[in-house]
2 protein chains.
Amino acid sequence: MQRDTAQRRAIRRALDEAGRPLGALEVLERAQRDVPGLGLATVYRNIKALVADKAVTPVELPGQPPRFESAGKDHHHHFLCAACGKLYELDGCLVELKPLLPRGFQLRAHELLLHGLCAACSK
Amino acid sequence: MQRDTAQRRAIRRALDEAGRPLGALEVLERAQRDVPGLGLATVYRNIKALVADKAVTPVELPGQPPRFESAGKDHHHHFLCAACGKLYELDGCLVELKPLLPRGFQLRAHELLLHGLCAACSK
DNA sequence: GTCGTTGCAAAGCGTTTGCAGCCTA
DNA sequence: TAGGCTGCAAACGCTTTGCAACGAC
């Protein structure tokens with residue numbers, strides 16, 4: 001059975017309050033404000049469990065370690081700024097995917113990542 | 001200046017003849033048919049150079065090491081089968097992305113990955 | 001002969017795991 | 001008090017790097 005520990009609460013809180021996807025080390029850093037002795041292994045173990053429970057979604061970026069965001073938001077995609085490295089959330093999804101599928105293929109999910117320059121960096 | 005070695009030729013050939021994205025170990029395996037003594041470090045070094053030259057494109061999959069495919073094909077995306085793990089190439093791109101962008105953002109590129117079941121696995 | 005390239009082994013990085021002690025229920 | 005949870009350190013898988021030998025030009 002699942003127990004309620006200070007570590008688990010701190011990790012959840014870090015992800016909930018971030019408002020953007022966080023890497024494992026960022027989660028550690030933020031959660032250590034609540035639980036100073038927190039270890040990185042515990043962060044990974046809990047993130048893994050949260051992802052399995054679908055309470056957290058991993059966000060993969062080419063050539064970078066994954067980041068994690070709280071689930072439960074509306075379907076959305078991300079925009080990675082090539083200059084500052086920040087990952088932005090975009091609203092909605094205009095993609096019409098079915099015509100791309102070969103005959104007999106079943107679509108379950110999709111991921112879309114845009115890159116370019118964010119408003120701040122394109123000046 | 002860039003030299004013409006048997007290793008380099010074998011690695012290029014492996015990627016050119018594969019017809020699908022290959023992982024680093026798959027490249028090693030195939031290229032060793034031409035150059036038995038080939039080492040993994042050489043594969044990584046050459047792939048890195050080819051990617052820098054835009055002769056090869058890395059394909060990132062969530063939770064997996066990257067695969068690589070020869071560049072120069074038309075713009076396309078991929079479909080990952082959840083059952084057999086095979087990565088398929090899809091033709092074309094129906095995505096209309098500009099409306100997703102917040103004001104001031106500049107779009108440079110995008111990546112799209114579909115997943116589901118391929119024709120063989122959905123029976 | 002020069003110097004880019006190679007194979008090997010060691011190091012690096014992010015992540016996972018084994019283990020003994022801890023602490024929630 | 002049982003057994004899930006934790007911190008630590010060691011192990012892991014993939015990738016990069018240091019180095020001395022090699023070989024293309």
For nucleotides 18-20 of chain D, which of its nitrogen or oxygen atoms have a protein nitrogen or oxygen under 3.5 Å away, and what is each distance?
from	atom 1	to	atom 2	distance (Å)
D:dG18	O6	B:Arg45	NH1	3.3

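- Contact check of residues 62-71 of chain B against DNA chain D (heavy atom, cut-off under 4.0 Å) returns B:Pro65, B:Pro66.
- Candidate nucleotides C:dG7, D:dG3, C:dT16 were compared by shortest atom distance to the side chain of A:Lys48, and C:dT16 ranks first.
- No donor-acceptor contact under 3.5 angstrom links the side chains of B:His77 and A:His110, judged on distance only.
- Taking Ile, Leu, Val, Met, Phe, Trp and Tyr as hydrophobic and joining them when side-chain heavy atoms fall under 4.5 Å apart, one finds B:Leu61 in a cluster with B:Val59, B:Leu80, B:Leu87, B:Leu113.
- Remark: A:Ala24 in residues 9-26 of chain A come within less than 4.0 Å of DNA chain C through at least one heavy atom.
- Screening residues 113-123 of chain B for side-chain hydrogen bond (donor to acceptor under 3.5 Å, both in side chains), with sequence neighbours left out, gives A:Glu111-B:His115.
- Here C:dG7 presents its C1' atom at 9 Å from CG of B:Leu38, a figure rounded to the nearest Å.
- A:Ser70 meets the side chain to side chain donor-acceptor pair (under 3.5 Å) test with A:Asp16; sequence neighbours excluded.
- Taking only side-chain nitrogens and oxygens, B:Thr5 comes nearer than 4.0 Å to OP1 or OP2 of C:dT6.
- Residues passing the side chain to side chain donor-acceptor pair (under 3.5 Å) test with A:Arg3, sequence neighbours excluded: none.
- Looking at residues two or more places apart in sequence or on another chain, you find a salt bridge (Lys or Arg N to Asp or Glu O under 4.0 Å) between A:Lys73 and A:Glu89.
- Side-chain atoms of A:Glu60 come within 3.5 Å of backbone atoms of B:Gly63 as a donor-acceptor pair (strictly under, hydrogens ignored).
- Shown for residues 53-60 of chain A: no residue has heavy atoms falling under 4.0 angstrom of DNA chain D.
- Across the protein-nucleic acid pair, A:Arg8 atom CZ and D:dG4 atom C1' stand 8 Å apart, rounded to whole Å.
- Hydrophobic clustering (side-chain heavy atoms under 4.5 Å, transitive across Ile, Leu, Val, Met, Phe, Trp, Tyr) keeps B:Leu117 apart from A:Leu101.
- Partners of A:Arg33 by side chain to side chain donor-acceptor pair (under 3.5 Å), not counting sequence neighbours: none found.
- Contact annotation: B:Gln2 side-chain N/O to D:dC25 OP1/OP2 distance is not under 4.0 Å.
- Listed by first and then second residue, the salt bridge (Lys or Arg N to Asp or Glu O under 4.0 Å) pairs involving residues 6-15 of chain B are B:Asp4-B:Arg9, B:Arg13-B:Glu17, B:Arg13-B:Asp34 (not counting sequence neighbours).
- Looking at residues two or more places apart in sequence or on another chain, you find a side chain to side chain donor-acceptor pair (under 3.5 Å) between A:Gln64 and A:Arg67.
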